[in-house]
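The structure under discussion appears below in the form of structure tokens.
In this text the structure is predicted, and so the values were computed from the model without any measurement.
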Amino acid sequence: MSKLKNLEDYREEINQCVKCGACRAHCPVFGAEKHEGRVARGKVALARAVLDNEIGLEAKVLEDLSQCLLCGSCCAQCPNKVPTEEIVAAARRRIAEEKGLSSFGKGVAAVLGRPKLMDLLAKTGGAFSPLLFKKVPENSGLRLRFPAPYITADRTLPPVVTKPFRERVPEVIEGQPGMPTVAFFTGCGINYMYPAIGEAFLKVLKFLGVTVIIPKDQACCGLPAVSAGATETVEELAALNLAALTRRPVDYVVTACASCNVGIGKIYADLGDDYRALAAKTMDIFVFLVKHGLPEKLAALPKAANRTKVTYHDPCHLRTRGITQEPRQILKALPQVEFVEMVGAGTCCGLGGTYSVHHYDISKRIGAKKAANIAACGAELVATDCPGCIMQLQDSINHAGGKAQAVHLLELLVAALPE
């Protein structure tokens, strides 16, 4: 029996939607589409109708329920705090149970559920990158040379590494006596595409004297499987990660990816007592760094004469968990940075995990608004705390013809630390 909540479990929350329409002003998909079926109250109404057997799971219903980024923007502004993203995820699980996974969902489940297969595919992709991809002129990222399923040739992608991050580092890196021990949950983005973020993570924690454990047998957090409705895969991955992250005693499980943070820190909490204990230990890297006094250490460093203008993009999966100030505290304290706040820093970039695969045209339109806001504030760099957002932001900037670069805040932080 599934441990994740089913659609019936959300009946009370569904009934709390009063159809006031407050969500219309904050839903990125509705902003791009202006279609009632795309907005939160429309999806909640569909979920209620499905529960009450007033409608079946016909194609139109499936399409509307697929049109959700699971970004939580609606819930944040909802007067009754109706968790539409959770309701939609439960509806997708219901669809998968009754109609089976889509072909893409089956692919997601097959790959994510087999970490060794993921390693093989990543290494193969990395080895053949020169044949499969071409560099985007004057911008970071690659473009496909040939058409591929679910990926258009105009999409900017990060390079896939031939040697994943977790294979590059020892499993245990000893710190100083009296300092905490943390398990680093790397996530797929850092492990396979952005190893420099992982290296920056380790350098920062070494600077603080923290002991770091990087379990070699950790797997994907499962968030793409949540989006696809693949219940069994989510629960299998959660079990693998529970075992990997609790094998050694640690004070915290630290993430440098917003999606991984919400996966382990929120979604796993519904799976049982052991998972709730793991979720309670899970902390975003910048919350951890602020908690351990890094902003004060940075403030003591001399300011650079020529500083780079940097803005910050709030990943949805941190914003909805109330993690917005800690990254800014770090960013404002960096001696080489002139921080500028952009308009709409907390709006979704349009990635939504698997959403941008199925609905790339809409994803691009949402991303175009973010790219315009970055350009308007004059930032040379846009920092964030999520590898997925980095990929989407750079793609959006490139489509807009912008010059800004998307980076992880850890990369800026490590550049400021004394050797």
Side-chain angles (χ1 to χ4, degrees), residues 2-4 29 62 65-72 85-86 88-97 100-122 125 148-151 155 157-158 160 164 185-194 218-242 244 255-268 270-271 282 315-318 320 348-360 362-363 385-392 395:
S2 170
K3 296 178 182 178
L4 290 169
V29 178
L62 303 189
L65 289 173
S66 78
Q67 289 277 6
C68 182
L69 290 152
L70 306 183
C71 68
E85 74 279 13
E86 295 179 27
V88 171
R92 290 177 184 176
R93 292 194 287 274
R94 169 82 167 257
I95 292 166
E97 288 167 10
L101 289 169
S102 67
S103 57
F104 181 74
K106 290 176 183 176
V108 168
V111 174
L112 296 189
R114 301 174 185 173
K116 290 183 179 179
L117 176 60
M118 279 193 73
D119 278 352
L120 176 62
L121 291 174
Y150 304 110
I151 303 175
R155 182 167 200 157
L157 298 169
V160 178
F185 188 79
T186 67
C188 303
I190 291 173
N191 192 45
Y192 296 116
M193 295 181 290
Y194 296 104
Q218 61 181 279
C220 173
C221 69
L223 208 62
V226 171
S227 182
T231 305
E232 289 184 9
T233 303
V234 177
E235 295 177 354
E236 289 168 3
L237 291 170
L240 288 173
N241 287 324
L242 177 67
T255 64
C257 170
S259 298
C260 295
N261 187 273
V262 82
I264 300 174
K266 181 181 177 184
I267 292 170
Y268 284 17
D270 288 336
L271 299 179
T282 300
C316 295
H317 288 139
L318 293 187
T320 54
C348 182
C349 65
L351 179 73
T354 58
Y355 178 89
S356 68
V357 176
H358 290 293
H359 307 291
Y360 184 50
I362 302 170
S363 177
D385 188 7
C386 181
C389 291
I390 292 173
M391 180 173 67
Q392 174 75 0
D395 186 45

Show your working on side chain to side chain donor-acceptor pair (under 3.5 Å) between Glu97 and Thr231 and close with a plain yes or no. CA-CA 9 Å; Glu97 288 167 10; Thr231 305; 4.6 Å; no
Is there side-chain contact between Leu70 and Ser227, with at least one heavy-atom pair below 4.5 Å? yes
Apply side-chain contact (heavy atoms from CB on, under 4.5 Å) to residues Ile362 and Tyr355 and explain how you reach the verdict. CA-CA 9 Å; Ile362 302 170; Tyr355 178 89; 3.3 Å; yes
Could you tell me if the side chain of Leu4 sits less than 4.5 Å from the side chain of Ile267, heavy atoms only? yes
Compare every heavy atom of Asn241 with every heavy atom of Ala219, then report the nearest pair and how far apart it is. N-OD1, 2.7 Å
Heavy-atom side-chain contact between Asp270 and Lys3 under 4.5 Å: no
Check this for me: does any side-chain nitrogen of one of Glu86 and Arg92 sit under 4.0 Å from a carboxylate oxygen of the other? no
Check step by step if side-chain contact (heavy atoms from CB on, under 4.5 Å) holds for Tyr360 and Asp395. CA-CA 11 Å; Tyr360 184 50; Asp395 186 45; 2.6 Å; yes
Quick check: do Phe185 and Thr282 have side-chain heavy atoms less than 4.5 Å from each other? no
Are side-chain N/O atoms of Ser66 and His358 paired as donor and acceptor at under 3.5 Å? no
Would you say Ser356 and Gln392 are linked by a side-chain donor-acceptor pair, where the criterion is simply a distance under 3.5 Å? no
Measure the shortest side-chain to side-chain distance between Pro224 and Leu112 over non-hydrogen atoms and say whether it is less than 4.5 angstrom. yes
Do you know the tightest heavy-atom contact between Leu69 and Cys348? CD1-SG, 3.8 Å
For Pro387 and Gly189, which heavy atoms make the closest approach, and how far apart are they? CB-CA, 4.2 Å
Set out, in order, the CA-CA distance, both residues' side-chain angles and the distance that settles salt bridge (Lys or Arg N to Asp or Glu O under 4.0 Å) for Glu235 and Arg93, then state yes or no. CA-CA 12 Å; Glu235 295 177 354; Arg93 292 194 287 274; over 6 Å; no
Checking Val108 against Thr233 for the side-chain contact (heavy atoms from CB on, under 4.5 Å) test, could you report, in this order, the C-alpha distance in whole Å, the side-chain angles of both residues, the deciding distance, and whether it holds? CA-CA 9 Å; Val108 168; Thr233 303; over 6 Å; no
Ile264 side, atom CD1; Thr255 side, atom OG1 - distance, nearest 0.5 Å: 7.0 Å
Nearest atoms (heavy-atom pairs only) where Ser259 meets Leu223: CB-CD2, 3.5 Å
Do Met391 and Leu351 make a side-chain contact, defined as non-hydrogen atoms from C-beta onward lying under 4.5 Å apart? yes
So, for Gly187 and Cys260, which heavy atoms are closest and what is the spacing to 0.1 Å? CA-SG, 3.5 Å
Main-chain N/O of Gly113 paired with Glu236 side-chain donor or acceptor, under 3.5 Å: no
Gly350 and Ser363: which non-hydrogen atoms are nearest, and at how many Å? O-OG, 2.6 Å
Asn261/His317 under side-chain contact (heavy atoms from CB on, under 4.5 Å): CA gap, chis, key distance, verdict: CA-CA 8 Å; Asn261 187 273; His317 288 139; over 6 Å; no
Can you find a pair of side-chain heavy atoms, one from Tyr192 and one from Asp119, that are under 4.5 Å apart? yes
Quick one: does Glu85's side chain get under 4.5 Å of Cys71's, heavy atoms only? no
Nearest-0.5 Å distance that lies between atom OG1 in Thr354 and atom NE2 in His359: 8.5 Å
